[in-house]
2 protein chains.
Amino acid sequence: MTIGGRTSPTLDEVAELAGVSRATVSRVINDSPRVSPEAREAVHSAVAQLRYVPNRMARSLVTRRTDTIALVLSESNSQVFTDPFFASMVRELSARLSDTDRALVLLAARDRGEQEKVGRWVRQGHVDGVVLVSLHRDDLLPGLLRESNVPLVLLGRPLDGAAVSHVDTDNAAGAATATAYLVAAGRRRIATVTGPLDMIAGVDRYAGYRRGLADAGLPLREELVEDGDFTEAGGARAMRALLERAPDLDAVFVASDPMAVGALRALHDAGRTVPGDVAVVGFDDAVVAATSDPPLTTVAQPLDEMTRLMVELLLRQVEGDADEPEVRICDTRLVVRASA
Amino acid sequence: MTIGGRTSPTLDEVAELAGVSRATVSRVINDSPRVSPEAREAVHSAVAQLRYVPNRMARSLVTRRTDTIALVLSESNSQVFTDPFFASMVRELSARLSDTDRALVLLAARDRGEQEKVGRWVRQGHVDGVVLVSLHRDDLLPGLLRESNVPLVLLGRPLDGAAVSHVDTDNAAGAATATAYLVAAGRRRIATVTGPLDMIAGVDRYAGYRRGLADAGLPLREELVEDGDFTEAGGARAMRALLERAPDLDAVFVASDPMAVGALRALHDAGRTVPGDVAVVGFDDAVVAATSDPPLTTVAQPLDEMTRLMVELLLRQVEGDADEPEVRICDTRLVVRASA
DNA sequence: CGACCTCGTGAGAGCGCTCTCACACTTCAG
DNA sequence: CTGAAGTGTGAGAGCGCTCTCACGAGGTCG
């Protein structure tokens, strides 16, 4: 194989140098047990001498595996990158897959054109499986990938209720718990900054907020609901809108920590104290939640466990042990700090 | 080819259905000119009917190309993702490569173990070329990739001065200009928050700051220099340290916009007005620079042009037209807003 | 002591594609 | 009318690897 003008060695060359057959070299490379110590040794030194690296394409052509997994971000907003939740997930995913000697690659699909392109790329057989995150209602990718029969796991349940393996948190329960906590603290004019309502996490957390109000016998007030976009700037903007429309609010459930940080800033700028005037609860338990001023009370989701489960479900499909789509729902936990 | 239990069609099956030879199908797939319209039509409909997708591994095995390019982030700090500079670059890179029908994948190499793993993955032939960004002094990757002869372009000149194609801005000149601007505005106690000094951008911007001071005949004062890490939190921390150590500073050159935003916050918290008490200049002209309070005066680098150049240099190597390593240095531009 | 294993090895087919080459057929200049 | 040039097509080799199968050498057992 030629890269940059130099030719890389092949199995045959290694075999010749080691004085064995191609099959034996292949056995050594793949750690097959039945090889004599002498042959193994000869091959290893030939490999080292030639700086031999197996050609992945040739190998994959016969094994039908690439040992690489794709994490696909279906997000028009390049701000996803900015979300610490996402950064942590990448780290954890990558570590988990390393344990199985598989590589992780990230693909971003910003618009329909890129989604189709990514779909094609995946169908061509570049990867053994796909983890799909940050899904919006009109995403093409779940459909494209499902019909291409590539092993697939979603983060968050599919908006259309399709039968696909996925891992999710009980967002609604978490949001309801957060709202109940605010009620129990004596708050009565509880506002919310929602996530994007074309994403399942946005929808479910908003539903949980409503359930929390209903459970407490409180009415849902339109002026206390403002849509956000999961970014800090969006959270600040939404908070300002809420303050303008309902200056007497005494609490706010914010559907993500970055937005909650923005809300904190907007409240501070408006001269409100937290939690004195307004109690704030966030969602995610991002790193920033512990360092904000005041530290955020927030709904934590077990990100590491979720990542572990995604890898588990995906690898089961990759290994061929998967029969039916599987679903795992994780519990949330309210982390009480100073903001509420 | 089997994915998830179903078998995907091969070229031969398409050929049989279309009533032509495998070679003709291949010609149609690859847009070769000499195919009769009838044959072309027959193949197209067979492809559509079988939902045929070429097997990338088989194709790559013979063509020696994968039509995918990797962007490798060599960064232990998962905060890189958070940097808007990086997000913009990904978007632009992806768009540029789309024009040439190549896919972009991202790989993160957080520690030496992952760097070696990425190096191996690349050497195995998964990609046609690599763009390497966010380089630190002790990174293994430049060395690993260079000796594997894979087409390679760095963002930022190599710290060890090795002969590798790269694209960079004239960081030192930009920083010197910023410093001169502060001097011209009558500032005399000009501090700096540097970038990480094991990264070339950190080193060069710091050098530019020193040159700016020297050109104005101002001394370099140790208490006016604090290291940062290119993050907002790091910028705030550094600014607080500077204020404590040198309460009488009247300006600060901050080596990145996210850090400058953090510095702005620290200054605000310390009761200093900007630019009244302290003038602030950032670097990058990130989106946030225009929306911060006050909007940031900052050194802009032509990110889109740099990305375009990286793609150009890389593709030239991929196409085999590259002889020697090539270098492109872009000019910076001072964008004056309200903070200085 | 022949039948039967086990073990290490090599020969060779084949994964799905591209691409060179040869061939049949047409077109056209001389 | 002949030779050269051009056009569409198919046969077949080969990319670098894995993996099945056959085989010979040595060991075990009835």
Side-chain angles (χ1 to χ4, degrees), chain A residues 1-3 6-44 46-47 50-68 120 123-126 128, chain B residues 1-3 6-44 46-47 50-68 101 120-121 123-126 128:
Chain A
M1 168 163 198
T2 305
I3 293 182
R6 213 165 302 178
T7 295
S8 3
T10 68
L11 250 202
D12 288 275
E13 301 175 46
V14 175
E16 191 175 4
L17 181 60
V20 298
S21 74
R22 196 169 67 247
T24 298
V25 177
S26 179
R27 285 189 190 97
V28 173
I29 302 284
N30 295 294
D31 272 330
S32 157
R34 30 206 64 203
V35 176
S36 67
E38 305 82 60
R40 188 179 303 278
E41 184 44 44
V43 170
H44 277 144
V47 164
L50 295 176
R51 319 194 77 245
Y52 170 73
V53 178
N55 179 320
R56 211 56 241 274
M57 300 306 142
R59 188 207 290 249
S60 293
L61 181 57
V62 23
T63 60
R64 329 327 315 247
R65 328 163 76 270
T66 61
D67 289 334
T68 114
R120 224 175 306 131
R123 290 198 61 193
Q124 285 175 349
H126 277 109
D128 292 341
Chain B
M1 168 162 198
T2 305
I3 295 182
R6 215 166 298 178
T7 297
S8 7
T10 68
L11 249 201
D12 288 275
E13 301 175 45
V14 175
E16 190 175 3
L17 181 61
V20 298
S21 74
R22 194 170 68 246
T24 299
V25 177
S26 179
R27 281 192 264 267
V28 173
I29 301 285
N30 294 296
D31 273 329
S32 157
R34 27 206 66 198
V35 177
S36 68
E38 307 82 57
R40 189 178 299 279
E41 182 46 41
V43 169
H44 276 144
V47 164
L50 295 176
R51 322 194 74 247
Y52 171 73
V53 179
N55 179 321
R56 213 48 243 260
M57 300 306 141
R59 188 206 290 248
S60 293
L61 180 57
V62 24
T63 59
R64 323 339 307 254
R65 328 163 75 270
T66 61
D67 289 335
T68 113
D101 252 320
R120 225 175 305 132
W121 193 82
R123 290 197 61 192
Q124 286 175 349
H126 278 110
D128 293 342

Less than 4.0 angstrom between a side-chain N/O of R22(B) and OP1 or OP2 of dC19(C), yes or no?
no
V25(B) and V14(B): which non-hydrogen atoms are nearest, and at how many Å?
CG1-CG1, 3.8 Å
So, do T24(A) and R27(A) sit near enough that their side-chain heavy atoms are less than 4.5 Å apart?
yes
Near-strand residues of residues 25-41 of chain B, defined as heavy-atom separation under 4.0 angstrom from DNA chain C:
S26(B), N30(B)
List in chain and number order the residues that pass side-chain contact (heavy atoms from CB on, under 4.5 Å) with A42(B), two or more places apart in sequence or in another chain; answer none if no residue qualifies.
A18(B)
Do the side-chain N or O atoms of S21(A) get closer than 4.0 angstrom to the phosphate oxygens (OP1, OP2) of dG10(C)?
yes
Taking CZ from R56(A) and P from dG16(C), how many angstroms apart are they, rounded to a whole number?
17 Å
Is there a donor-acceptor pair closer than 3.5 Å between any side-chain N or O of R56(B) and the backbone N or O of T66(B)?
yes
Return no unless some side-chain N or O of T63(B) is found under 4.0 Å from OP1 or OP2 of dT18(C).
no
As a test of reading the structure: which of dC19(D), dC15(C), dC17(D) is closest to the side chain of R64(A), going by heavy atoms?
dC15(C)
Between dC17(D) (P) and L61(B) (CG): distance, integer Å:
9 Å
Spacing of M57(A) atom CE relative to dG14(D) atom C1', expressed in whole Å
18 Å
Distance, rounded to the nearest Å, where Q124(B) contributes CD and dG16(D) contributes C1':
13 Å
Is it the case that more than 12 heavy atoms not belonging to E16(B) sit under 6.0 Å from its CD atom?
no
Let me know, please, whether T24(B) or A58(B) comes out on the 5' side of the other along DNA chain D by nearest nucleotide.
T24(B)
Nearest heavy-atom contact between Y52(B) and T10(B) is CE1-C, 3.6 Å
When you measure from the side chain of V62(A), which nucleotide among dA11(C), dT18(D), dC17(C) comes out closest?
dT18(D)
Between R65(B) (CZ) and dC17(C) (P), how many Å, whole number?
18 Å
Are R40(B) and V20(B) side-chain neighbours, meaning at least one heavy-atom pair lies under 4.5 Å?
no
Write down the distance between CG (N55(B)) and P (dC17(D)), rounded to a whole number of angstrom.
17 Å
What is the distance from CG of L11(A) to P of dA11(C), rounded to the nearest Å?
14 Å
